[in-house]
Amino acid sequence: MKFATWNVNSLAVRLPQLLDWLAANPVDALVLQETKLTDDKFPTLEIGAAGYQVQWFGQKTYNGVALLSRKPATDVVKNILGFADEQARVIAGTVDGVRVIGAYFPNGQAPDSEKFVYKMGWLEALREWVRAELKTHERLVLMGDFNIAPEDRDVYDPVAWAGQIHCTPQEREHFQALLGLGLVDAFRLFEQPPKSWSWWDYRNLAFRKNQGLRIDHILVSEALRPHVKACEIDKQPRRNERPSDHAPVIVTLD
DNA sequence: ATGTCAGATGTTATCTGA
């Protein structure tokens, strides 16, 4: 079984790349972030023709998430239960007996900004909701664009990024608190190439210089942990013409 | 060099967000 996450930075632009990627990388479920589409514009026909069921939750211009799956997702939830939010950031569903939560965590902009305050509140609400989900779903995967680099080894220049957005102690504490619920970072279950990133800024030739951050993650519950066989970042789509700034992350379970 | 990309507004460019 394979699950994946990918921030596509506009599905309108990236749909051909998504379809190419799915053809080359058949997965059981894939969550997308930053679709940037209102629900009436979502490309259901094209994704259906590729052999995937899909649930989607979007808004104009910003954010927007989707859950693609080979088998239909059940008990679909949009956004964090009990957290009033005008931003479309979360979609969850049960696929093949696994609770799949796809999330586009707030960026936070800067540690002294209002958007950072929103990020902290959102993270708190997410944690309490995931805690509840784990009580009813032993087999659970939380994946998406976390906009958090959990450790210095997830940052190409940790000195320059110290205390900056994605790397603040407060964000890293929230990441650890999610692990404290009984989740594990699937990527770190395996030896990985050094300087493994999932995002590279479009500017500064960052991809060519491999200057990036690992901010896209797949967390799996303790019940799933013994079944995790691999976890990889697929850099290939970042080499495309007009790429997303993020690469997909894939987890393989037996 | 805050150096690119995407979407929106409303142009033949400027703003916001990432």
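Below, each value reflects all heavy atoms present in this structure, side chains not excepted, and no hydrogens, waters or symmetry copies. Throughout, a chain's letter reflects where its sequence line sits, starting with A, and its residues are numbered from 1.
Look at NZ on Lys36(A): it is 11 Å from C1' on dA8(B), rounded to the nearest Å.
Look at the P atom in both dA1(B) and dA13(B): the space between them is 27 Å, to the nearest Å. Atom C1' of dT11(B) sits at a distance of 13 Å from the matching atom of dC15(B), rounded to the whole Å. Going from the C1' atom of dT2(B) to that of dT16(B) covers 13 Å, rounded to whole Å.
In summary, Glu124(A) and Arg127(A) engage in a salt bridge, as defined by a charged side-chain N under 4.0 Å from a carboxylate O. Taking 4.0 Å as the cut-off between side-chain N and carboxylate O, Arg172(A) and Asp154(A) do not count as a salt-bridged pair.
Distances shown here put a side-chain N or O of Lys115(A) below 4.0 Å from the OP1 or OP2 atom of dG17(B). Between Arg242(A) and the phosphate of dT4(B), there is no side-chain N or O to OP1/OP2 separation shorter than 4.0 Å. Between Ser10(A) and dG7(B), a side-chain N or O to OP1/OP2 separation shorter than 4.0 Å is present.
Contact of the Trp161(A) side chain with the Leu213(A) side chain is registered, since non-hydrogen atoms from C-beta on lie closer than 4.5 Å. Residues Thr61(A) and Gln59(A) fail the side-chain proximity criterion, which asks for heavy atoms closer than 4.5 Å.
Pairs of Watson-Crick or G-U wobble type, with distances under 3.5 Å, assemble into runs of 3 or more in DNA chain B at these ranges: B:4-9 with B:13-18.
For the residue pair Asp145(A) / Trp199(A), no side-chain donor-acceptor distance below 3.5 Å is found, with atom types taken as modelled.
Residue-level contact check: Asn107(A) touches the backbone only, with heavy atoms under 4.0 Å from sugar-phosphate atoms and none from bases. Using a 4.0 Å heavy-atom criterion, one finds that Phe207(A) contacts no nucleic acid atom at all.
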